[in-house]
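All chains are named by letter (A, B, ...) in the order of the sequence lines, taking the proteins before the strands, and each is independently numbered beginning at 1.
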Number of protein chains: 2
Amino acid sequence: MICNSYERFFKTLAEPAKLEIINLLSKGPLNVSQLSKKLNFEQSRASHNLKALADRHFVLVERKGKERYYSLDKTIIAPILRLIDAHVEKYEKHYCKCKGIPWRKKE
Amino acid sequence: MICNSYERFFKTLAEPAKLEIINLLSKGPLNVSQLSKKLNFEQSRASHNLKALADRHFVLVERKGKERYYSLDKTIIAPILRLIDAHVEKYEKHYCKCKGIPWRKKE
DNA sequence: TAATCATATGATTTGCAATTCATATGAGCG
DNA sequence: CGCTCATATGAATTGCAAATCATATGATTA
């Protein structure tokens, strides 16, 4: 059972699917169908992952008719990733970054 | 396969065993035997986990005779956890923190 | 209000990674 | 050197959580 806040936090961000979602949503809000299509995810896969991200307040939801638009709460993600970048830059130059998160570079 | 730096980073910190090690080492360096005993870990379990943490430069190793002393590189961990604390404080007040990391409170 | 579209939810399966178990390496010491 | 202590390493196992599959809910429109 996950009972520690840190574990909860890190576990949520330790999966490629959720990182891809974060990366995509950084470009703007999307509803579930749009997101599923862009990432080639099953609809339920997208929903499950989005729910986890929303539960931990990494993304926000807004209902528009039948659709639900998910958007990124950048205030928490951006500073974290900036710290990691610094760490990686310092120690892990040799590691591959096959799917770099583009908005990392903007700042 | 883990290929993305962010995933590597978060996965490493997403396990209770590694968080317990980080917590313990925050109080000072220890060798493998001491750490295993304090955390009730099998020796090999401690070694495997310490290796992973060392590979990612979260901890440092120093040989002293047969023993190897592991110590925390606080420069990376502390700022990260501070950000998470702020996030948790804001959104997850209700979540339990059964094994709080003490040096979080000092700063 | 039936039909359809958009999304959520629950149960089952499955894949992977942490632990364990067994063994290897390597340092100090008599 | 042979022995023991400290740690590392590799292979096998196992537990868990993400993906999948099937179904439910809920909103819109005709």
Minimum heavy-atom separation for B:Ala54 to B:Tyr70, with atom names? CB-CE2, 4.5 Å

Contact between A:Leu50 and A:Val61 at the side-chain level, heavy atoms closer than 4.5 Å - yes or no? no

Report yes or no: is there a donor-acceptor pair, N or O only, under 3.5 Å between the side chain of B:Ser44 and the base of C:dC21? yes

Can you tell me the distance, in whole Å, between the OH atom of B:Tyr69 and the P atom of D:dA8? 13 Å

In this structure, how many angstroms lie between the C1' atom of D:dC5 and the CD atom of B:Gln34, rounded? 14 Å

Determine, for A:Phe58 and A:Arg56, whether the Lys NZ or Arg CZ falls below 6.0 Å from the six-membered ring centre while staying within 45 degrees of the axis. no

Here the distance between atom P of D:dA19 and atom CG of A:Asn40, to the nearest Å, is 14 Å

Output the rounded distance in Å from CG (A:Leu50) to C1' (C:dT9). 14 Å

Aromatic-base stack, A:His48 on C:dT9, cutoff 5.5 Å, angle under 30: yes

Using the side-chain heavy atoms of B:Ser47, tell me which of these nucleotides is nearest: D:dT7, D:dC5, C:dC5. D:dT7

Where do B:Ser47 and B:Val32 come nearest, in terms of heavy atoms and distance? OG-CG1, 4.0 Å

Look at the side chain of A:Gln43 against the base of C:dA8 and say whether a donor-acceptor pair falls under 3.5 Å; ignore hydrogens and angles. yes

Between CD of B:Glu20 and C1' of C:dT19 the distance, given in whole Å, is 14 Å

Side-chain contact check for B:Glu15: nearest option of C:dA18, C:dC5, D:dT7 is C:dA18

Tell me which nucleotide among D:dA22, C:dT20, C:dG26 gets nearest to the side chain of B:Glu42. C:dT20

What is the nucleic acid contact for A:Ala17, judged by heavy atoms within less than 4.0 Å: base, sugar-phosphate only, or nothing? sugar-phosphate

Report the distance from atom CG of B:Asn31 to atom P of D:dA8, rounded to the nearest whole Å. 10 Å

Any idea which of C:dT19, D:dT7, C:dA6 is nearest the A:Glu67 side chain? C:dA6

Does C:dA8 have OP1 or OP2 sitting under 4.0 Å from an N or O in the side chain of A:Arg68? yes

With the side chain of A:Lys11 defined as its heavy atoms from C-beta on, choose the nearest nucleotide among C:dT9, D:dA17, D:dG26. D:dA17

Separation of C:dT19 atom P from B:Lys18 atom NZ, nearest Å, is 6 Å

To the side chain of A:Arg45, which of C:dC21, D:dA19, C:dA17 is closest? D:dA19

In whole angstrom, what separates B:Lys51's NZ from C:dT25's P? 16 Å

Could you go through the side chain to side chain contact (heavy atoms under 4.5 Å, CB included) check for A:Ile22 and A:Leu53 one step at a time? CA-CA 9 Å; A:Ile22 287 172; A:Leu53 287 168; 4.3 Å; yes

Taking only side-chain N and O atoms of A:Tyr70, does any of them lie within less than 4.0 angstrom of OP1 or OP2 on C:dA8? yes

